[in-house]
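Data block below; observations after.
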Amino acid sequence: MILKESVHKISLDDLSYSLLFSLDDEFFKQALYFDLEHYVNKKPICVGVFGCSYYDENIKSLVTTQYMIENQEDSKEVLYKAEEYFITMRDKFKKKYIVTFAGNNDFSVINYLFKKNEISLNVRDTFKEIDLQKEYEKKTGGSIGLKNLEKIFNIKRETEIIKGQNLAKTFKKIMKDRDYINRMPKEKKERILFYNEQDVISLFYISLYWNKYIKDL
């Protein structure tokens, strides 16, 4: 299994635009930013990449953790690592929220696979879910995809867009062929991880500047 951890320095020059929930005026500090890349064939088969970030106030940075499978055996290991990560975030770092974009699919996949592998944790029961797509729909009455929402927020991606069906095909090959990961170009692995990383980083910035860009739509 591939483990990748990244730290991105964050400049908090203006907090007046932050997305607010309940009485938590610094909600973004209490949240996780979560995105999966997965393979589903009628039923969920595996989590190909688990990606999650949180804001670390001590180092003024966004810390991102990712797990990516390299073979079929890793499909279980990723789930155990995800469970450990969520429990640590809840108990040690006191995170209360989980931010997604159109997260229903991701939650359905991971909770199905948790249950299948006798992992008792239910992510939706553990954290209060904030779905930015649903928040956009409530605010504007319209629907939008993440890449178009990024354009509204002037978020420029450093990676090319990877279609979900292409990712699913890759994870299918990894699950069926133990040696496929060794034949996969290093650049392709890095591109998949970076693509997922950009997703969770975008969720953070959209939350941080929500009311700057959404209020006038």
Side-chain angles (χ1 to χ4, degrees), residues 1-37 47 49-68 78-103 106-107 110 121-136 138-139 146 149-150 152-159 190 193-215:
M1 183 179 66
I2 298 171
L3 164 63
K4 181 183 177 184
E5 294 185 328
S6 307
V7 177
H8 301 268
K9 275 288 183 183
I10 303 295
S11 176
L12 298 178
D13 52 348
D14 188 348
L15 300 179
S16 62
Y17 299 114
S18 176
L19 185 61
L20 305 179
F21 282 89
S22 185
L23 300 177
D24 299 322
D25 57 350
E26 294 190 341
F27 143 82
F28 68 92
K29 296 181 181 180
Q30 301 178 41
L32 301 175
Y33 304 88
F34 170 61
D35 183 65
L36 295 181
E37 316 302 339
V47 171
V49 179
F50 169 94
C52 208
S53 293
Y54 72 95
Y55 180 74
D56 188 326
E57 192 168 10
N58 293 322
I59 59 174
K60 310 297 182 188
S61 299
L62 192 68
V63 180
T64 303
T65 299
Q66 295 171 284
Y67 310 118
M68 178 174 169
V78 164
L79 298 175
Y80 298 137
K81 294 295 289 185
E83 177 195 28
E84 180 184 348
Y85 179 91
F86 284 135
I87 291 172
T88 299
M89 290 297 118
R90 180 193 65 191
D91 296 345
K92 181 178 179 180
F93 292 95
K94 309 303 180 184
K95 303 301 180 183
K96 302 194 309 186
Y97 304 99
I98 189 162
V99 178
T100 69
F101 189 90
D106 285 348
F107 286 128
I110 197 165
L121 184 75
N122 184 294
V123 184
R124 277 180 157 154
D125 293 341
T126 305
F127 304 99
K128 178 177 174 60
E129 176 188 352
I130 311 299
D131 186 330
L132 295 182
Q133 186 182 61
K134 290 180 180 178
E135 294 302 317
Y136 179 89
K138 285 191 288 186
K139 188 76 172 179
L146 179 58
L149 187 60
E150 289 174 341
I152 292 173
F153 281 76
N154 295 321
I155 295 173
K156 294 179 173 59
R157 284 191 164 246
E158 299 177 45
T159 57
E190 292 174 345
L193 285 165
F194 195 33
Y195 176 79
N196 173 262
E197 182 183 356
Q198 294 249 288
D199 277 352
V200 294
I201 291 174
S202 288
L203 297 179
F204 173 79
Y205 278 111
I206 291 169
S207 298
L208 189 62
Y209 294 109
W210 181 263
N211 290 303
K212 181 176 182 179
Y213 294 97
I214 298 300
K215 65 177 182 179

request  = Verify side-chain contact (heavy atoms from CB on, under 4.5 Å) between I155 and I201, making sure each step is shown before the conclusion.
outcome  = CA-CA 10 Å; I155 295 173; I201 291 174; over 6 Å; no
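- Checked against salt bridge (Lys or Arg N to Asp or Glu O under 4.0 Å), D199 has the following partners two or more places apart in sequence or in another chain: K147, R157.
- In this structure, the side chain of D106 does not engage the main chain of D35 through any donor-acceptor pair within 3.5 Å.
- Taken to the nearest 0.5 Å, the NZ atom of K96 stands 14.5 Å off from the OG1 atom of T126.
- Counting only heavy atoms from C-beta outward, the side chains of M68 and V49 approach each other to under 4.5 Å.
- Expressed to the nearest 0.5 Å, how far CD of Q133 lies from CG of L146 amounts to 9.0 Å.
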task = May I have the step-by-step check of side-chain contact (heavy atoms from CB on, under 4.5 Å) for Y213 and L149, ending in yes or no?
result = CA-CA 10 Å; Y213 294 97; L149 187 60; over 6 Å; no
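- Atoms CD1 and NZ, on I214 and K138 in that order, are 13.0 Å from each other to the nearest 0.5 Å.
- Contact record, I59 with V63: CD1-CG2, 4.2 Å, taken as the closest heavy-atom pair.
- Considering only heavy atoms from C-beta on, I152 comes within 4.5 Å of Y136 through its side chain.
- In this view, K4 and E197 satisfy the salt bridge (Lys or Arg N to Asp or Glu O under 4.0 Å) rule, not counting sequence neighbours.
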task = Before giving the answer on side-chain contact (heavy atoms from CB on, under 4.5 Å), spell out for C52 and Y85 the whole-Å C-alpha distance, their side-chain angles and the decisive distance to 0.1 Å.
result = CA-CA 9 Å; C52 208; Y85 179 91; 3.5 Å; yes
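- Evaluation of the ring-ring contact (aromatic ring centres under 6.0 Å, His included) rule for F34 yields F50, F86, F107 as partners, not counting sequence neighbours.
- More than 12 heavy atoms of other residues, nucleotides or ligands lie within 6.0 Å of NZ in K9, so this atom counts as buried by the packing criterion.
- Distance check, rounded to the nearest 0.5 Å: OH of Y33 to OG1 of T100 gives 12.0 Å.
- A distance of 10.0 Å separates CD1 of I110 from CD of E83, quoted to the nearest 0.5 Å.
- Between the Q66 side chain and the L193 main chain, a donor and an acceptor come within less than 3.5 Å of each other.
- Distance check: D131 CG to F101 CZ gives 7.5 Å after rounding to the nearest 0.5 Å.
- Not counting sequence neighbours, the partners of E84 by the side chain to side chain contact (heavy atoms under 4.5 Å, CB included) test are K81, T88.
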task = Please assess H8 against F204 for the test side-chain contact (heavy atoms from CB on, under 4.5 Å), listing each intermediate value before the final yes or no.
result = CA-CA 11 Å; H8 301 268; F204 173 79; over 6 Å; no
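- Nearest heavy atoms, G51 versus V200: O-CG1, 3.7 Å.
- Looking at every heavy atom in both residues, L3 comes nearest to E5 through CD1-CG, 4.0 Å.
- Legend: residues meeting side chain to side chain contact (heavy atoms under 4.5 Å, CB included) with N122, ordered by chain and number and at least two apart, are N111, R124, D125.
- Shown are F93, Y205, F28; of these, the ring pair (Phe, Tyr, Trp, His ring centres under 6.0 Å) with Y55 is made only by F28.
- Taking both residues in full, the closest heavy atoms of S207 and V99 are given as OG-CG1, 3.8 Å, listed atom of the first, atom of the second, then distance.
- Applying the side chain to side chain contact (heavy atoms under 4.5 Å, CB included) criterion to Y80, with sequence neighbours excluded, gives K76, E77, I119.
- Put simply, the side chain of K95 gets close to the backbone of K29: a donor and an acceptor are under 3.5 Å apart.
- Across all non-hydrogen atoms, the minimal contact from F127 to L32 is CZ-CD1, 3.8 Å.
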